[in-house]
Every structure is written in C-alpha cells, then in structure tokens.
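Data first, discussion second: the structure below is written as structure tokens.
This one's a predicted model, so the numbers in the text were calculated from it and none came from an experiment. Residue numbers begin at 1 in each chain, while the letters A, B, ... track the order of the sequences.
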There are 2 protein chains.
Amino acid sequence: MMKMSDLVADYIMKLLDEKDGNAEIKRNELASDLGCVPSQINYVITSRFTPEQGYIVESRRGGGGYIRITRVTTDKRVVMMHIINSVGDSISSAEAGAVLGNMRERHMLSDYDYLMISTALSDKSYTAVTQNVRDRLRAALMKNLLVTVMMLDQ
Amino acid sequence: MMKMSDLVADYIMKLLDEKDGNAEIKRNELASDLGCVPSQINYVITSRFTPEQGYIVESRRGGGGYIRITRVTTDKRVVMMHIINSVGDSISSAEAGAVLGNMRERHMLSDYDYLMISTALSDKSYTAVTQNVRDRLRAALMKNLLVTVMMLDQ
DNA sequence: TCGCTTTTGACCATTCCTGACCTTATAAGA
DNA sequence: TCTTATAAGGTCAGGAATGGTCAAAAGCGA
C-alpha cells in the first residue's frame with residue numbers, strides 16, 4: 001500500500017515536470033482529490049519540498065488562494081558549489097540524504113554517484129562514534145566527495 | 001529445534017531468492033509471523049546480512065517503514081568479496097591506499113571509483129576523531145563502498 | 001568454566017497522519 | 001465605507017506506526 005505522503009509528493013512532482021518546474025495547487029482541492037486532510041499537503045511540502053531540497057514555495061490565503069511550488073534550477077557548478085558551502089560543519093543522515101536526493105533529481109549527480117555517496121554517508125559506516133561526531137564526520141566527508149565528483153565531472 | 005536466527009535468516013534468504021536478490025520486509029510483521037521479538041530481526045540482519053557477506057541493507061522508520069535487503073554476491077565478484085573480507089575492523093590510510101591501488105591495477109576498480117573511494121577514506125575527512133577511531137571508521141566505510149561499487153558494477 | 005552466540009525487552013528516533021484552532025484575503029451587505 | 005461572512009491556506013501538538021540500539025540474561029560448545 002502506497003503511503004499518502006508519497007502520493008502527494010508524486011502528484012506534485014509530476015505537476016512540476018509537466019509545468020516545467022512551476023506548479024500551482026489548491027490545497028483543499030488537492031487534499032480532497034487525493035483523499036487526505038489538507039494539512040497533509042503542508043506536511044509533504046514542508047518535509048519534501050524545502051529550500052534545502054531546491055524548492056521555493058509561495059502561497060496565498062483567502063478566496064482564490066493557492067500554493068505555488070517552484071523547482072530551482074541554475075548552473076550546475078554554481079549550484080554544486082553553493083550546496084557544498086551550505087553543508088556546514090555537521091549534517092544528519094536524513095539531511096544529507098535529502099540533499100543528495102535532490103541533487104540527483106536535478107541531474108547534478110548521476111545515479112551512480114548518488115549511490116556511492118549515499119553509501120559513504122549512511123549511518124551504517126559510523127557506528128563507532130557518537131551521533132554528534134558522526135554528523136561532523138559526515139559533513140566533512142560529504143564536502144570532500146562532492147568536490148571530488150565536481151572535479152572529475154568534465 | 002531450529003534456532004530462531006536460522007528461521008529468520010532462512011526466511012530472508014528464501015525471499016531474496018524469490019525476489020531476485022531484492023527483498024523488502026516489515027520488521028514487526030515478520031517478527032510476529034515468525035514468533036520472535038522485533039529486535040531479533042535486527043540481530044539476524046546485523047550478524048548475517050552484512051556488507052562483508054555481500055548484502056546491502058536500507059531501512060526507513062515511521063509509518064510505512066521497511067527494511068530492504070539486497071544481495072550483491074555473484075560469482076564474478078568472488079575476488080572482490082575476498083578482499084573486502086580481508087579488510088578487518090580497522091585499516092590505516094596507507095594500508096587502504098595500498099589495497100585500493102592494487103585493486104585499480106587489477107582493473108577491479110575504475111580510475112573514477114578509485115579516486116572517489118580514496119577521497120572518502122583519506123585522513124582529511126576524519127579530523128574530528130582520534131587515529132584509533134579513524135581507522136575503524138575507515139575500515140567500515142571502505143567495505144561499504146566496495147560493496148556498493150560491486151553492486152553497481154553490472 | 002570460559003567465551004561466543006542468541007534472545008529479549010526497555011527505551012529511543014523517525015516518519016506519517018489528523019484535527020482543532022489560527023490567520024489572511026475576498027466578497028457581500030448595511 | 002465599515003462590518004460581516006466566506007474561502008482559502010498555516011500551525012502545532014498529539015498519537016500512531018515503524019524501525020534502531022543496547023545491555024542484560026540465557027544458551028551452548030570447547
């Protein structure tokens with residue numbers, strides 16, 4: 001059985017593809033079409049269409065209200081650099097996964113690189129240290145790997 | 001009477017056979033089907049479906065959570081597997097470099113993979129922890145990455 | 001007995017879903 | 001215009017559904 005969140009996310013993704021990266025939805029309408037409560041839409045948006053993941057969300061309440069989701073795309077190298085800079089000193093497994101997933105979606109990472117880097121960053125490799133240290137190591141490694149990919153990718 | 005772990009392992013094995021090397025289970029469900037506590041599933045997975053043994057395990061918590069187990073061993077990869085098994089719990093940067101270099105020479109790693117993995121394992125990524133921990137982390141990561149390369153190499 | 005493997009349960013972390021209540025925008029009436 | 005109704009969307013906390021971890025206890029073979 002498919003998860004509601006996945007249904008909603010898929011719907012939005014498809015819409016983004018169709019509409020060339022710029023989708024507009026009506027929250028209540030979509031909710032009732034897909035058979036969920038309206039706040040579910042917010043949940044999906046806040047968990048899967050974050051700026052971190054490369055989306056801009058605008059909305060308006062009241063009569064004629066809407067939610068607009070825009071997929072951000074810019075020059076690959078610049079964006080890559082920006083992402084690398086934004087990683088910071090520490091990053092959780094979930095965050096890292098989100099960032100990588102988005103990079104793949106945006107064709108900034110091949111499936112191959114995505115899997116390799118995901119593996120390198122997954123918690124599985126860090127059982128020897130505490131969560132805190134783990135997240136710091138992950139951030140360092142993530143940046144190194146992304147830089148490496150960038151340099152090799154000509 | 002058969003040991004519980006064996007039952008669980010057999011079940012997963014059978015599922016892997018059926019599903020062509022890619023099985024997805026629900027931890028709690030399987031546990032109650034087989035009549036054991038959920039953490040037993042974790043025990044079996046961590047003790048018998050490790051990267052060293054040729055398996056990749058991914059999971060997700062929360063509603064609709066799952067555990068996915070992928071088998072990556074095939075005859076072509078016996079040598080690779082052997083190397084992975086020989087890595088042990090801890091490996092220095094120099095040792096790792098030697099092993100990787102050797103694998104590259106033997107065309108078991110592409111230049112690309114060699115560079116990626118070297119980057120991931122280099123001391124540069126581990127400044128946050130002591131040498132001792134560092135070598136343990138490196139070993140874990142190295143094995144995971146090699147398994148991933150193996151899996152992707154079709 | 002000693003040491004390794006297995007089993008178990010208490011407690012933790014993450015993800016998802018829902019509903020009550022809140023804020024804002026537009027339209028209709030007075 | 002001012003007020004009130006209606007139409008959206010937003011927030012948040014709580015609960016449910018999962019899987020993860022860890023250490024203690026139990027089992028077992030040498």
Side-chain angles (χ1 to χ4, degrees), chain A residues 1-12 23-53 55-69 91-98 101 122-135 138, chain B residues 1-12 23-50 52-53 56-69 89 140:
Chain A
M1 218 258 299
M2 195 141 192
K3 275 177 298 193
M4 198 64 236
S5 328
D6 289 337
L7 277 182
V8 176
D10 286 354
Y11 178 90
I12 294 174
E24 189 169 307
I25 61 172
K26 302 281 240 169
R27 188 181 80 147
N28 292 346
E29 205 176 278
L30 178 54
S32 83
D33 281 1
L34 299 182
C36 65
V37 296
S39 56
Q40 177 90 48
I41 310 293
N42 297 84
Y43 169 68
V44 171
I45 287 175
T46 55
S47 63
R48 308 193 192 181
F49 295 88
T50 66
E52 183 77 349
Q53 291 170 68
Y55 298 92
I56 290 178
V57 178
E58 303 159 283
S59 67
R60 218 184 139 98
R61 310 185 187 191
Y66 59 84
I67 301 177
R68 181 161 46 229
I69 300 155
I91 190 169
S92 71
S93 183
E95 279 178 285
S122 91
D123 263 2
K124 300 237 158 52
S125 309
Y126 298 98
T127 50
V129 294
T130 63
Q131 188 70 51
N132 190 14
V133 174
R134 194 178 296 188
D135 289 349
R138 189 182 350 258
Chain B
M1 221 262 296
M2 200 156 193
K3 268 180 304 192
M4 197 64 236
S5 326
D6 290 336
L7 275 182
V8 176
D10 286 355
Y11 179 90
I12 294 174
E24 188 168 308
I25 61 172
K26 303 282 237 170
R27 188 181 78 146
N28 292 345
E29 205 176 275
L30 178 54
S32 84
D33 282 1
L34 299 182
C36 65
V37 295
S39 54
Q40 177 90 43
I41 309 294
N42 296 82
Y43 171 68
V44 171
I45 287 175
T46 55
S47 63
R48 309 194 192 181
F49 294 88
T50 65
E52 289 92 330
Q53 293 169 67
I56 287 180
V57 178
E58 303 160 283
S59 67
R60 213 180 148 93
R61 308 186 188 189
Y66 58 81
I67 300 177
R68 182 160 44 231
I69 300 156
D89 285 345

Look at the side chain of [X] and the backbone N and O of [Y], then say whether any donor-acceptor pair between them is shorter than 3.5 Å.
| X | Y | answer |
| --- | --- | --- |
| A/Thr46 | A/Tyr43 | yes |
| A/Arg138 | A/Ile91 | yes |
| A/Lys124 | B/Ile56 | no |

Over all atoms of both residues, closest heavy-atom pair of [X] and [Y]:
| X | Y | answer |
| --- | --- | --- |
| A/Asp123 | A/Ser93 | OD1-CB, 3.9 Å |
| B/Leu34 | B/Met4 | O-CE, 3.2 Å |
| A/Gln53 | A/Arg48 | OE1-O, 3.3 Å |
| A/Ile69 | A/Tyr55 | CG2-CD2, 4.1 Å |

Task: Heavy-atom protein contacts under 4.0 Å, nucleotides 22-30 of chain D, coded B base, S sugar-phosphate only, - none - done: ---------
Provide, to the nearest angstrom, the distance between the [atom1] atom belonging to [X] and the [atom2] atom belonging to [N].
| X | N | atom1 | atom2 | value |
| --- | --- | --- | --- | --- |
| A/Asn28 | C/dT23 | CG | P | 18 Å |
| B/Lys3 | C/dC4 | NZ | C1' | 11 Å |
| B/Asp6 | C/dT6 | CG | P | 7 Å |
| A/Asp123 | C/dA13 | CG | P | 13 Å |
| B/Tyr66 | C/dT14 | OH | C1' | 12 Å |
| A/Gln40 | D/dG9 | CD | P | 15 Å |
| A/Tyr43 | D/dG14 | OH | P | 17 Å |
| A/Arg60 | C/dA27 | CZ | P | 10 Å |

What distance separates [X] [atom1] from [Y] [atom2], expressed to the nearest 0.5 Å?
| X | Y | atom1 | atom2 | answer |
| --- | --- | --- | --- | --- |
| A/Arg134 | A/Ser92 | CZ | OG | 11.5 Å |
| A/Asp10 | A/Ser5 | CG | OG | 10.5 Å |
| B/Ile12 | B/Ile67 | CD1 | CD1 | 7.5 Å |

Open item on the list: I want to confirm an ordering. Mapping B/Ser47 and A/Met4 to their closest nucleotides on DNA chain C, which one lands closer to the 5' end?
Closed with: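 Result of the comparison: B/Ser47.
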TODO: Would you kindly compare A/Gly64 and A/Val44 by the position of their nearest DNA chain C nucleotide and give the one closer to the 5′ end?
DONE: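 With A/Gly64 and A/Val44 compared, the 5'-side residue is A/Val44.
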- [ ] Under 4.0 Å from any atom of DNA chain D, heavy atoms only: list the residues of residues 30-38 of chain B that qualify, in numerical order.
- [x]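 Those residues whose heavy atoms fall under 4.0 Å from DNA chain D, taken from residues 30-38 of chain B, amount to none.
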Mind checking [X] for me? I need base, sugar-phosphate or nothing, with any heavy atom below 4.0 Å counting as a touch.
| X | value |
| --- | --- |
| B/Ile67 | sugar-phosphate |
| A/Gly65 | sugar-phosphate |
| B/Arg68 | nothing |

Taking only the side-chain heavy atoms of [X] (C-beta and beyond), determine which of [options] contains the nearest atom.
| X | options | value |
| --- | --- | --- |
| B/Arg27 | C/dT6, C/dC17, D/dT21 | D/dT21 |
| B/Asn42 | C/dC17, D/dT11, D/dT21 | D/dT21 |
| A/Arg61 | C/dT6, C/dC22, C/dT15 | C/dC22 |
| A/Lys26 | D/dG10, D/dT21, D/dG9 | D/dG9 |

Task: Residue closer to the 5' end of DNA chain D, B/Gly62 versus B/Thr46 (nearest nucleotide) - done: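 First, find each residue's nearest nucleotide; the 5'-ward one identifies B/Gly62.
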